[in-house]
A.B. asks: 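Let me begin by handing over the structure; questions about it come next.
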Amino acid sequence: MRIGVLGTGVAGQTLGSKLVSLGHDVMMGARAADNEKVLAFAQRTGGRAGNFRDAIAHGELIINGTRGDGSIAAIRQGADHLSGKTLIDVSNPLDFSRGFPPLLSVSNSDSLGEMIQREFPDARVVKSLNTVNAAIMIDPAKLPGAHSVFVSGNDAAAKGETMDLLRSFGWQSIIDLGDITTARGVEQYVSLWVRLMGALGTPEFNVAVVKA
Ligand SMILES: NC(=O)c1ccc[n+]([C@@H]2O[C@H](COP(=O)([O-])OP(=O)(O)OC[C@H]3O[C@@H](n4cnc5c(N)ncnc54)[C@H](OP(=O)(O)O)[C@@H]3O)[C@@H](O)[C@H]2O)c1
């Protein structure tokens, strides 16, 4: 499948590399097509390099792995190529302006996932994977036992497509939380995630949801 990965940080690099290894035709996008990280990605993996617009145009499916406060600007670069496409949003609305731990720039009655869906109504936004470290995103078997990942979105087919991709990474416990407003829950969970990382001394952990 042709996939556009927006973002050159750890999340974009990890997801992009995994997707290439699974046989997908991946283009990574940055603000500038000659960004050194995007060129290094292409050289290292055999994937393609471009700017955000190129990556959105390339992908049948798009993954947003950009910094939360830049996500809407990044996606806007290719807005006219988004129509009908599934956009998996792994970003978090983190605000480091007052240091660490970060605040959330949006919460309670709204979320970044909803902001992206409102801004780009022709895209089928699915919030997912933002609750785990990049290494766990693409290799849940790094952690022992069953543990959970979530999907939030308005479009059932887009969530199905996302769940298929998650299964191809090895995810078994995938919880469909409901429409895109449920992104509020997974984004606000990141406040706990940051404290857990401090307490556990590693970013490589996850939660398992169990029920009676
Ligand atoms: N790292 C993880 O393990 C992890 C786990 C879960 C969720 N996430 C989320 O995934 C996203 C990416 O995280 P990351 O750690 O990989 O890297 P990051 O440093 O948060 O983001 C890097 C990307 O954001 C873009 N960017 C930065 N400022 C921008 C702006 N003003 N306008 C447009 N784009 C801008 C950069 O563009 P250029 O390439 O042009 O510099 C780069 O592609 C974040 O939202 C993060 O919360 C990360």
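Counting convention: from 1, in listed order, for ligands and their atoms alike.
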A.B. asks: Do the side chains of K142 and E204 get close enough for a salt bridge, i.e. N-O under 4.0 angstrom?
C.D. replies: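 Yes, charged N to carboxylate O under 4.0 Å.
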A.B. asks: A side-chain contact here means heavy atoms from C-beta on lying under 4.5 Å apart; do N154 and R124 qualify?
C.D. replies: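 Answer no - side chains too far apart.
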A.B. asks: To check your reading of the model: name the closest protein heavy atom to atom 48 (C) of ligand 1, its residue, and the distance in Å.
C.D. replies: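 Nearest protein contact, heavy atoms only, for atom 48 (C) of ligand 1 is A11 CB, 3.9 Å.
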A.B. asks: Give the cluster check for L165 versus V132: same hydrophobic cluster or not, with ILVMFWY residues linked at side-chain heavy-atom distances below 4.5 Å.
C.D. replies: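 Cluster IDs for L165 and V132 match.
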A.B. asks: Contact between K37 and ligand 1, counting heavy atoms under 4.0 Å?
C.D. replies: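 Contact absent.
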A.B. asks: Hey, which atoms in ligand 1 end up nearer than 4.0 Å to a heavy atom of M137?
C.D. replies: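 Those qualifying, in numeric order: 5 (C), 6 (C), 7 (C).
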A.B. asks: Which part of N130 is near ligand 1, with near meaning a heavy atom under 4.0 Å away: side chain, backbone, both or neither?
C.D. replies: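 Backbone only.
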A.B. asks: Quick one: nearest non-hydrogen protein atom to atom 44 (C) of ligand 1, plus distance?
C.D. replies: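 The answer is T66 O, 3.4 Å.
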A.B. asks: Under the side-chain contact (heavy atoms from CB on, under 4.5 Å) test against L6, which residue among I63, V90, I62, D89 passes?
C.D. replies: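 Testing L6 for a side-chain contact (heavy atoms from CB on, under 4.5 Å) against I63, V90, I62, D89 leaves exactly one candidate, I62.
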A.B. asks: Nearest heavy-atom pair of Q77 and R53: which atoms, and what distance?
C.D. replies: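 Closest pair (atom of Q77, atom of R53, distance): O-NH1, 2.9 Å.
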A.B. asks: Under 4.0 Å from a heavy atom of G65: which atoms of ligand 1 are those, numbered in the order shown and with their elements?
C.D. replies: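 Reading through ligand 1 atom by atom, the close ones are 11 (C), 12 (C).
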A.B. asks: Any idea which atoms of ligand 1 are less than 4.0 Å away from a heavy-atom of G7?
C.D. replies: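 Once the distances to G7 are compared, the set is 43 (O).
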A.B. asks: When you look for heavy atoms under 4.0 Å from ligand 1, do you find them on the side chain of Q13, its backbone, both, or neither?
C.D. replies: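 Neither part.
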A.B. asks: Could you tell me the residue and atom name of the protein heavy atom closest to atom 33 (C) of ligand 1, and the distance to it rounded to 0.1 Å?
C.D. replies: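 The closest one turns out to be G70 O, 3.3 Å.
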A.B. asks: Please answer: with hydrophobic residues joined when any side-chain heavy atoms are less than 4.5 Å apart, are V126 and V5 in the same cluster?
C.D. replies: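 Yes.
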A.B. asks: Looking at A134, which atoms of ligand 1 are within less than 4.0 Å of one of its heavy atoms?
C.D. replies: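 The atoms of ligand 1 under 4.0 Å from a heavy atom of A134 are 2 (C), 3 (O).
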A.B. asks: Run the side chain to side chain contact (heavy atoms under 4.5 Å, CB included) test against S21 and tell me which residues pass, sequence neighbours left out.
C.D. replies: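 In terms of side chain to side chain contact (heavy atoms under 4.5 Å, CB included), with neighbours along the sequence ignored, S21 is linked to K18.
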A.B. asks: Looking only at N/O atoms, are A73 and ligand 1 under 3.5 Å apart anywhere?
C.D. replies: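 Min N/O separation from ligand 1 is not below 3.5 Å for A73.
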A.B. asks: Decide whether an N or O pair under 3.5 Å exists between D69 and ligand 1.
C.D. replies: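 Between D69 and ligand 1, no N or O pair is found under 3.5 Å apart.
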A.B. asks: List ligand 1 atoms under 4.0 Å from N35, heavy atoms only on the residue side.
C.D. replies: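 Near N35, meaning under 4.0 Å from one of its heavy atoms, ligand 1 has 38 (P), 39 (O), 40 (O), 41 (O).
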A.B. asks: Would you please classify the geometry between the H147 ring and the W171 ring as parallel, tilted or perpendicular, with 30° and 60° separating the classes?
C.D. replies: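 Rings of W171 and H147: perpendicular, over 60°.
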A.B. asks: Nearest protein heavy atom to atom 17 (O) of ligand 1, by residue and atom, and its distance?
C.D. replies: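 Result: G9 CA, 3.7 Å.
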A.B. asks: Which of the atoms of ligand 1 are close to V90, meaning less than 4.0 Å from one of its heavy atoms?
C.D. replies: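 This gives 7 (C), 8 (N), 9 (C), 10 (O) as the contact atoms.
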A.B. asks: What do you reckon, does N92 have a nitrogen or oxygen under 3.5 Å from a nitrogen or oxygen of ligand 1?
C.D. replies: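 So ligand 1 has an N or O lying under 3.5 Å from an N or O of N92.
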A.B. asks: Tell me, please: is V132 in heavy-atom contact with ligand 1, that is, under 4.0 Å?
C.D. replies: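 The answer is yes, since V132 has a heavy atom less than 4.0 Å from ligand 1.
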A.B. asks: Which atoms from ligand 1 have a heavy atom of G68 less than 4.0 Å away?
C.D. replies: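 Close to G68: 45 (O).
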A.B. asks: Which protein heavy atom lies closest to atom 43 (O) of ligand 1, and at what distance to 0.1 Å?
C.D. replies: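 Ranked first by proximity to atom 43 (O) of ligand 1 is T8 N, 2.9 Å.
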A.B. asks: List ligand 1 atoms under 4.0 Å from N133, heavy atoms only on the residue side.
C.D. replies: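 So the atoms of ligand 1 that pass are 3 (O).
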A.B. asks: Out of V38, V26, D25, V20, which residue meets the side-chain contact (heavy atoms from CB on, under 4.5 Å) rule with R48?
C.D. replies: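 Going through the options one by one, the only one that passes is D25.
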A.B. asks: If Ile, Leu, Val, Met, Phe, Trp and Tyr residues are connected whenever their side-chain heavy atoms lie under 4.5 Å apart, and connections chain through other members, are F205 and L192 in the same group?
C.D. replies: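 Linked, F205 and L192 end up in one cluster.
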A.B. asks: Output yes when D164 and R167 qualify as a salt bridge under the 4.0 Å nitrogen-oxygen rule, no when they do not.
C.D. replies: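 Salt bridge: yes.
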A.B. asks: Looking at K127 and D179, is any side-chain nitrogen of the basic one under 4.0 Å from a carboxylate oxygen of the acidic one?
C.D. replies: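 Result for this pair is no, no salt bridge flagged.
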A.B. asks: From the options R67, E204, M28, R31, select the one whose nearest heavy atom is closest to atom 29 (C) of ligand 1.
C.D. replies: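 Closest candidate by heavy-atom distance is R31.
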A.B. asks: For D176, is there an ion pair with K159 - N to carboxylate O distance below 4.0 angstrom?
C.D. replies: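 A salt bridge links K159 with D176.
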A.B. asks: For atom 15 (O) of ligand 1, which protein heavy atom lies nearest, and how many Å away is it?
C.D. replies: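 Going atom by atom, the protein heavy atom closest to atom 15 (O) of ligand 1 ends up being V10 N, 4.2 Å.
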